[in-house]
Amino acid sequence: MSLIVEGLTVEIDGTRVVDGVSFEVPSGGRVGIIGESGSGKSLTALAIMGLLPDGAVARGSIRWEGRELVGLSERERAPIRGREMAMIFQEPQTALNPIRRVGAQIVEAARIHHGLRGHRAAQLATELARDVGLPSPETIVSAYPHQLSGGQRQRVGIAAALAGQPSLIVADEPTTALDVTVQKGILDLLAGLVAGRDASLLFITHDLAVLAQIATHALVLDSGSVVESGEVDRLLSAPEHPVTRGLLRDAKATLWRPEGSS
Amino acid sequence: MLRYAATRILFLALGLLVASALIFWALRILPGDVAQMIAGTEGTPAQVERIRADLGLDRPLAVQYAEWIGGVFTGDLGTSMLTGASVAAQLAAKAQVTIPLGAFSLLIALAFALPLGVVSAVRHRSRTGAAIGVVSQLLAAVPVVWAGLMLVVLFAVVLGWLPAQGFPRTGWQNPADAIRALILPSITIGIVEGAMLMRFVRSATLQALGEDFVRTGAAKGLTRTQSLVRHGLPAVGLSVITVLGIQIAGIIVGAVVIEQVFTLPGIGRMLVTDVGARDLTMVQGELLVLTGFVLVTGFVVDLAHHAIDPRQREHR
Amino acid sequence: MSALARLWRIPLGRSALIVVAVIAATALVSLFWTPFDPRRADAYSAWAPPGWPHLLGTDGTGRDILSLIMAGARITVTVAIGAGLVATVIGVALAALGALTARPVRESVAVFVDILIAFPVLLIAMMIAAVWGGSLWVVIWSVGVGYGVNIARVARIELRRVNRADFVLAAQASGLTRSQILTRHLLPNAAPVFIVQLSWSMAAAVLAEAGLSYLGFGAPVTQPSWGLLLSEVQDYITVHPTSVLWPGIAITLTVLALNLLGDALREATDPTLSRGRRAQTHTPEVIA
């Protein structure tokens, strides 16, 4: 269950936005990618999932379970998504289909890959809703996204990512759009779920304080390239690159806020 | 939902009322005098007065309006000032041409616009997408008159496959002939109307393609195309319903012109003739029916949209 | 960079602008010169095919088609500008009313606009024509009113949006009156939207004039409207099928250019358009 990325580059309309990124997510590992906006971290995640936007081209090597993913067709790629690796997105508001009930959206991956239907699907929906801590799981699965709060929607997103029983979860800034009071709950939930299911986690964020709570190793991106990497503890205590130091400064500002801090 | 329906019905009633008032009053601000016209140049003032009294034109406008509106509810739209024929009966007779024409046109427009719109959006970076875009821009700029004439030249004059004009005098007794007469007209309206609709569908699909939840679908294991179909197209369908009202209004308008081009004895052609002849009761009846149809369509579309979109159903 | 310069850089915008300019120039030139007098009927040259000296041929009464088309451009330009102006004035007035006045006025204007929008322009035109007879004024006013309400709806949203901006707050704080704010801040900032709508409205006006003149409710028979030309050659379509080509091409070209101009103007004036959205185009309301 390992992900090995080597020399990944992503070009959009001729501009290189991810340049020579290499890292590894070992089985059961929790790796973070951190950087400012525009550093290419989301695109790296999307490249791994095979969800790059139209016009973006990925080159280099992404090996999942020994299998090379770069260069695969959409048909070959789709079966891996949701089943072996799943993604949690940043904006729970827009990541959910507004005209479908959340229960159906939670189990969609199971429906696609395991053919789950009807009663068993409903059961799984309720189960997962409970696992992610949604209130009144039996009834909330019939709700529509606009009836839920931001935090609840993100829990739906997490539940949906788990439905296919993936071995790798890619989380793209899952707490950034949420209120600080809600963030910690989501992070704890995520950490617990990943550990409980023996899955690996690739966590993307711009906030070092958040990273510190969930990842053991991390790489720092700046303008598409890796400027520093290593254990999170070391990055926090002895950052070398100016970008890392800057991120640490920002994080300390939030860490030492008297109330409601992560 | 019920509350929403009630509001919309209120709006519909208001709209119809305003429409009828506008139509009635606008038509009465006449420089000329209908009674005089009927009496002719030799008519004596006494004759003109008698005609005016006969037609009820000497009563206050408000009374005439009330009488007309009252008649609408019983299905009596008055009688033609010039021929004495029942307005309602005439409309019913001509409707057998206009309604099928409109229906076929709508179907053709949808069949043309939906697939092409989606394809041109999905392939908007490729040459296919660009080509479809160009074609639709062109078709949307073509006046429906000219489109009809060109199709007549091609299919009736040059190829001789279809009739250039007219509608069987026996009406729908021979369905095959009736349909043959309506093919070219419907295609004309359908394609021009469809070009407009196509650009809208393209726009809506492009928006759907960029939606995050379509990407989420792909993240769960659908291919991007599958996700677009499963998650994106329903959203597109919803917005198409929104513009359906406008489309139908456009088809009605197109029918008025096309019935003239193809000499079809429909409501549109009758309207054109009656406007030229200043037959007020006919014109006001025709305009009311046509405008009313547009308003009712808009109402139905609103309700459908509201019923389908779960975001609208709760009162927030 | 000014909007015009930005417009010039968009290839379609450039072409559209050139075509529109050519048509306007043709209309102007036709006031002074056309190859032949468009009203001159010459029975001997009736139905001449394209060639010399009649570059586009002649019609049933021997009139030179090229001259007719050139003179027809005058009507097209007049109607487009006239209807465009009427639509803009009505649109701006209604939008300003709808966006800036007290709640009850605002609501009733909005309702009024929404009801009017449902009225197809052609039917409005027929209604006016039934009363006053057909004329170019009928076309100008009906399209003006019909599209004016459309512009009003779009513009109202835009004005509301601009109204919320901080610099408007600052202007209010410094004591400007409502109307001063309107003329000095709101309208100029909402102007790009108006200009784009104007272009599309003019395209619709050209289509409307063609349809209405064809039906006999637009240009009088004495004037060489392109729509009127179509109705005149229709009777001979079986014998001279190519005669329908030229007026139709002229109309289509004009409408196409105005529509594309509107699209390009939108792209040039909206700095927030993303790449994907740029591919989205406007779908104008339908005029026959």
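What's counted below: heavy atoms across the whole structure, side chains too, no hydrogens, waters or symmetry copies. All chains are named by letter (A, B, ...) in the order of the sequence lines, taking the proteins before the strands, and each is independently numbered beginning at 1.
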Participant: What part of C:Leu260 lies closer than 4.5 angstrom to a heavy atom of chain B: side chain, backbone, both or neither?
Facilitator: side chain
Participant: Can you tell me how far apart CZ (B:Arg269) and CG (C:Leu215) are? Round to the nearest 0.5 Å.
Facilitator: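 The CZ atom of B:Arg269 sits 11.0 Å away from the CG atom of C:Leu215.
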Participant: Which answer fits C:Ile249, side chain, backbone, both or neither, if we ask what part of it has an atom under 4.5 Å from a heavy atom of chain B?
Facilitator: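 Both parts, backbone and side chain.
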Participant: Contact between B:Pro143 and C:Thr252 at the side-chain level, heavy atoms closer than 4.5 Å - yes or no?
Facilitator: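 Touching, per the 4.5 Å side-chain cut-off.
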Participant: Does any heavy atom of chain C fall under 4.5 Å from the side chain of B:Leu149, the backbone, both, or neither of them?
Facilitator: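 Both backbone and side chain of B:Leu149 come within 4.5 Å of chain C.
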Participant: Is it the case that more than 12 heavy atoms not belonging to B:Arg123 sit under 6.0 Å from its CZ atom?
Facilitator: no
Participant: If you round to the nearest 0.5 Å, how far is CD1 of B:Ile252 from CG of C:Leu123?
Facilitator: 7.5 Å
Participant: Let me know if B:Val142 has heavy atoms under 4.5 Å from chain C in its side chain, its backbone, both or neither.
Facilitator: both
Participant: Is B:Trp146 reaching over with its side chain to a backbone N or O of C:Val244, donor-acceptor style, under 3.5 angstrom?
Facilitator: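 Yes, B:Trp146 side chain to C:Val244 backbone: donor-acceptor pair under 3.5 Å.
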Participant: Assess whether atom CH2 of C:Trp137 is packed by more than 12 heavy atoms of other residues, nucleotides or ligands within 6.0 Å.
Facilitator: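 Open.
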Participant: Show the nearest heavy-atom pair for residues C:Leu207 and B:Ala141, with the distance to one decimal.
Facilitator: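 Looking at all heavy atoms of both residues, the shortest contact is CD2-O, 3.7 Å.
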Participant: Look at the side chain of C:Gln234 and the backbone N and O of B:Val261, then say whether any donor-acceptor pair between them is shorter than 3.5 Å.
Facilitator: yes
Participant: If you round to the nearest 0.5 Å, how far is CE of B:Met150 from CG of C:Leu245?
Facilitator: 4.5 Å
Participant: By a 4.5 Å heavy-atom criterion (distance strictly below it), what part of B:Ala255 contacts chain C: side chain, backbone, both, or neither?
Facilitator: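 Neither the backbone nor the side chain of B:Ala255 comes within 4.5 Å of chain C.
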Participant: Tell me, for B:Val272 versus chain C, whether the close heavy atoms (under 4.5 Å) come from the side chain, the backbone, both or neither.
Facilitator: both
Participant: Report which part of B:Ile258 has an atom under 4.5 Å of a heavy atom belonging to chain C: side chain, backbone, both, or neither.
Facilitator: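 Neither part; nothing is under 4.5 Å.
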Participant: Out of curiosity, B:Leu287 CG to C:Met126 CE, how far, rounded to the nearest 0.5 Å?
Facilitator: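 Going from CG on B:Leu287 over to CE on C:Met126, the span is 7.0 Å.
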Participant: Determine, stepwise, if the pair C:Ile251 / B:Val145 fulfils side-chain contact (heavy atoms from CB on, under 4.5 Å).
Facilitator: CA-CA 11 Å; C:Ile251 301 170; B:Val145 180; over 6 Å; no
Participant: Looking at chain B, which one of C:Val206, C:Leu230, C:Val233 has the largest number of heavy-atom pairs inside 4.5 Å, strictly under?
Facilitator: C:Leu230
